[in-house]
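Side chains included, hydrogens not; waters and symmetry mates left out as well; all remaining heavy atoms used. The first residue of the sequence shown is numbered 1, and numbering continues consecutively from there.
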Amino acid sequence: MHAFVPHQTTPQPSRLRYLLFVGLAGSLSAQAAPQETVLDTVSVISTGNRSNTLTVADSPSPIDIISGEQIRKTGKASLREALGRIVPSFSAPAQAGGGTSSSVRPVSIRGLSGDHLLVLVNGKRRHNTAVYNNFARIASGSVPVDLDLIPTSAIERIELLRDGASAQYGSDAIAGVLNIILKSQGSGGGASVTVGQQQDKPGDLTQTGLNGGFALGADGGFFNTSLDIRLQGPSYSAGDAQGAWYYPVLNGQSVPFGTPGATADPREASVDRLLSRGYGRSNRDEVYNLSYNAELPLSNRLTLYSFATYSDRSIVDTRGSFRATSLSSIPEIYPDGFHAQRLIDEKDFQFAFGGKGDLAGWDYDLSTTYGKDDVRLGAQNTLNASLGPASKTSFYLGALEFEQWTTNLDFTRPFEIGLGKPLQLSAGIEHRWEKYLQTAGEPDSYRDGGYEYPTGHPRAGQRPSAGLQSFTGTSPADAGALDRDSYAFYIDAGTNLSERLYTSAAFRFEHYDDSSGNTASGKLSTRYELAPGLALRGTVNTGFRAPSLAQQTFSVTQNTSVRLPDGTTQTLLARYLPPASVAAKALGARDLEPEQSTNVSVGISWEPARNARITLDAYRIEIKDRIVKSEIIRDSGTSTVIRDTLASLGINDLYSAQYNMNGVDTRTDGVDLVSELHSDYGRFGQVRWSALYSYNRTTIRDIKQNGTVSGLLGSDYVIFGHQAQTDLTRGSPRDKLVLGGNWRIGDVIADLQFTRYGKYTEAGSTAAADRQFGARWLTDLDLTYLLTDNLSLSLGSNNLFGIRPDRQPPNAVVTGLGTANPSEINNPDEYGAFSPYGLNGAFYYARLSYDW
């Protein structure tokens, strides 16, 4: 807490099966326990169908089951990071951008943004984060579900539907659905402690997981609870700056580094020369995740259930670079420099309560789910130079809040229609209320105090920029709130039209009381069994994603020093504007509308034996009116047309602006290839071989014309420019290959995984400035020894050999009042920022687990 917060059979493998494994890639499918050699393809799935009668093998859509044990054995500190290692189409870049994006990192799935993935917990919609990724480059402007706030010790399994499902679940389910199933055991439990060390220091990790179950009543009721505690330190990859003055030399100001005869300030010998603390992993986290899952049968007709998660997360973001004698500093406050730090204090919870049972032959489920993410932002070790020597050094920057309250009533019933198998019919209604709130920080975090640098200062007579160094507080002009209601009705039906042909159809109508208006989505799915264990499957569906309230509301202002055409310098404002604001509409913004998608998927699944499975699915996802950020809109050269336009509305201090828009149409084509083989080698143990491959390619089909901006800045102005286009289409690897083996022999279990990440591009402002990063192979290893029937010890490493992205040429860097020599300084950005496997090299860990 921080002071700034205001508030069976075991067949032997044949030669054919080995050839199948060698010739085909990919498996993320049903994960059995290490000692089993029969694939778990008969488990009934609850995602993508309402009847709970389909199995993994029978599903017409590709769906994967990831066990909780598989997640916990990755050695990753959070669910988001674990999925990035397990799921080939899931990517979490090392540094997607600055600001809060470095603390609550956005993700991408199947080449799409993380908020194109619907997240459910026990089949109920999970609320999104309140943190808006305004400075992100990958998944820019997204507000996905924060997966780091789900305790991994509570997870029984995850069902990942790799198909559009808006017709079944509503908004966000364009790329797929991630359904997190919590543990439901009414007895027993477990505890684990993990300690780890990153190759780049300090990089420490201590993580504890606890889980226990208790019986409720006498008819199979349960109460299962979990607690995860994670303490994790930053890891710095930039290295120390060796080729720059941090302090003015004693015989002159602003003398370039290496100037003959220059006498260094004595403080140079002991200064913290770590050039960039934001490069690598900049956060020190303290996270407490608590959950429970409960069920109580009262009769044959009624079972009550409830589940909840609660998280308390404190983050110290150390990404601000050390400023020794910055011209924007105040020597009376920081005579030897300062290192600004952002503080994030977050409270997040979800609570669900409902009842299910049988009513007149219908299975019903009535539930209500409330979730809230409450984020308080602060800063320390900084100052507002415009207040002069009276400035504070710790500040409250404002708050972000998101609330979501969803109520569902679902009915399901089989009907005999004379086809041998019944028609499963499901229907339901939903009401969802959402609210987004952005509140202002304390005035000193953003106001202009009017201070002028005194005589003797290098900028004597000038005024420093208003607001804080490194960060800025939310002003009343940026604060805002927005809420909305949505009402939905759906119907879903599926049956076997013949012994071999299964077909289902779904339709959903939804009404929003904001600019999203009315939406309708449909889905058709089919599966045809060519032979026992061999089937074709395919889906066609339309979908949508309603613009998030954060995308419609979020606003932030930065002060910037601007040289005007008359040669004078003035401090003006650069604002990220809500699209519905007067200023944004004067610059061509429109109310945001829902993104519309069309998904087509075709595939084949083959189970040549009980211990082998292969699936291949190809898909195309077309999204119209995709929401993206505009380019920064401002005057160039001697033009004043933007400022004049805003001045005509009484807005006299705004220099540049940016806003969200339904700006592009995109197409994503991809392939997921999955295979798995379980082998029994007798006294040499059992091995679960797995491999998976994912490829996706996003292209921009159209960039929307903005007549207002073209009229102001000319028809050559591109509202969605080169860097944004490249980030969207090539900022993440297009392909990923994972080869793994889980070998158990006696009391030893070895997990070995090789992962190949494809090439990607970090765009510059022009194509000539783009940086290319080649493919890389990473190795992950986990060795577990069963000390007793209940106690185990694991040693492992992620990225065992410390692989990093391609090095880039060094850049010149200005530090303090001295100029760096690019040939002598460590480049703070030498490995880029978008790496999907991180920048900090290897991570080594040990884990002690006890089950009872």
Practice item. Of all the heavy-atom pairs spanning Glu81 and Ala77, show the shortest one and how long it is. Key: OE1-N, 3.2 Å

Practice item. State the CD-CG distance between Gln198 and Asn798, to the nearest 0.5 angstrom. Key: 8.5 Å

Point to revise | Within-4.5 Å side-chain heavy-atom neighbours: Ser314 and Asp285 | key: no

**Study point:** Non-hydrogen atoms of Gly764 and Asp770 that approach each other most closely
**Key:** N-OD1, 2.8 Å

Practice item. Could you give me the CA-CA distance, side-chain angles and deciding distance for Gln380 and Thr382, then say whether side-chain contact (heavy atoms from CB on, under 4.5 Å) is met? Key: CA-CA 5 Å; Gln380 64 185 13; Thr382 186; over 6 Å; no

Review point. Hey, mind stepping through Leu587 and Ile642 against side-chain contact (heavy atoms from CB on, under 4.5 Å) and telling me if it holds?
Key: CA-CA 8 Å; Leu587 300 179; Ile642 298 297; 4.1 Å; yes

**Study point:** Rounded distance (nearest 0.5 Å) linking atom CG of Leu343 with atom CD of Gln341
**Key:** 7.0 Å

Exercise for review: Verify whether one side chain among Thr557 and Asp478 offers a donor that lies under 3.5 Å from an acceptor in the other.
Suggested key: yes

**Study point:** Test salt bridge (charged side-chain N to carboxylate O under 4.0 Å, His left out) applied to Lys392 - qualifying residues, sequence neighbours left out
**Key:** Glu442

Practice item. Indicate yes or no: at least one non-hydrogen side-chain atom of Asp200 is less than 4.5 angstrom from one of Arg804. Key: yes

Exercise for review: Flag the pair Asp204 / Arg284 as yes when at least one side-chain heavy-atom distance between them is below 4.5 Å, and no otherwise.
Suggested key: yes

Exercise for review: Could you grab the distance from atom CZ of Arg313 to atom CG of Asp148, nearest 0.5 Å is fine?
Suggested key: 5.5 Å

Check your understanding: Under the 3.5 angstrom rule, does the side chain of Ser835 hit a backbone N or O of Tyr837 as a donor-acceptor pair?
Key -> yes

**Study point:** Steps toward side-chain contact (heavy atoms from CB on, under 4.5 Å) verdict (Gln438, Leu400)
**Key:** CA-CA 5 Å; Gln438 182 179 9; Leu400 302 170; 3.7 Å; yes

Review point. Taking the six-membered ring where the residue is Trp, are the ring centres of Tyr132 and Tyr576 under 6.0 Å apart?
Key: yes

Review point. Between Arg463 and Glu452, is a salt bridge (charged side-chain N to carboxylate O under 4.0 Å, His left out) present by the stated rule, with each step listed?
Key: CA-CA 5 Å; Arg463 293 173 56 182; Glu452 289 188 359; 5.6 Å; no

Practice item. Could you walk me through whether Arg575 and Ser555 pass side chain to side chain donor-acceptor pair (under 3.5 Å), step by step? Key: CA-CA 7 Å; Arg575 291 192 66 191; Ser555 179; 3.0 Å; yes

**Study point:** By salt bridge (charged side-chain N to carboxylate O under 4.0 Å, His left out) - contacts of Lys629 (at least two apart)
**Key:** none

Review point. Do the charged groups of Asp345 and Lys347 touch, with an N to O distance under 4.0 Å?
Key: yes

Check your understanding: Stepwise, does the side-chain contact (heavy atoms from CB on, under 4.5 Å) test hold for Ile138 with Phe834?
Key -> CA-CA 8 Å; Ile138 301 297; Phe834 293 180; 3.8 Å; yes

Check your understanding: Side-chain contact, heavy-atom cut-off 4.5 Å: Leu377 with Phe471?
Key -> no

Study note, to complete from the structure: Hits for salt bridge (charged side-chain N to carboxylate O under 4.0 Å, His left out) against Asp635, two or more places apart or cross-chain, chain-then-number order -> none

Study note, to complete from the structure: Minimal heavy-atom distance between Gly84 and Tyr757, with the atoms involved, is O-OH, 4.1 Å

Point to revise | Heavy-atom closest pair, residues Leu205 and Phe843 | key: CD2-CZ, 3.5 Å

Practice item. Please state whether the rings of Tyr451 and Tyr453 are parallel, tilted or perpendicular, taking 30° and 60° as the class boundaries. Key: perpendicular

**Study point:** Ion pair Arg776/Asp806, N-O distance below 4.0 Å
**Key:** yes

Practice item. Report yes if some heavy atom in the side chain of Asn652 is under 4.5 Å from a heavy atom in the side chain of Leu646; otherwise report no. Key: no

Check your understanding: Is there a side-chain contact between Tyr760 and Pro836, using heavy atoms and a 4.5 Å cut-off?
Key -> yes

Review point. To the nearest 0.5 Å, what is the distance between CD (Gln207) and OG1 (Thr152)?
Key: 5.5 Å

Practice item. Decide yes or no for Tyr334 and Leu383: does some side-chain heavy atom of the first lie under 4.5 Å from some side-chain heavy atom of the second? Key: yes

Study note, to complete from the structure: CG of Asp317 to CG of Asn283, rounded to nearest 0.5 Å, is 4.5 Å

Exercise for review: Have a look at Ser311 and tell me which of Asn289, Asp373, Asp228, Asp146 forms a side-chain hydrogen bond (donor to acceptor under 3.5 Å, both in side chains) with it.
Suggested key: Asn289

Check your understanding: Looking at side-chain heavy atoms only, is the closest gap between Glu401 and Asp374 below 4.5 Å?
Key -> yes

Check your understanding: Which heavy-atom pair separates Ser548 from Val143 by the least distance, and what is that distance?
Key -> OG-CG2, 3.2 Å

**Study point:** Ser465 side, atom OG; Asp448 side, atom CG - distance, nearest 0.5 Å
**Key:** 8.5 Å

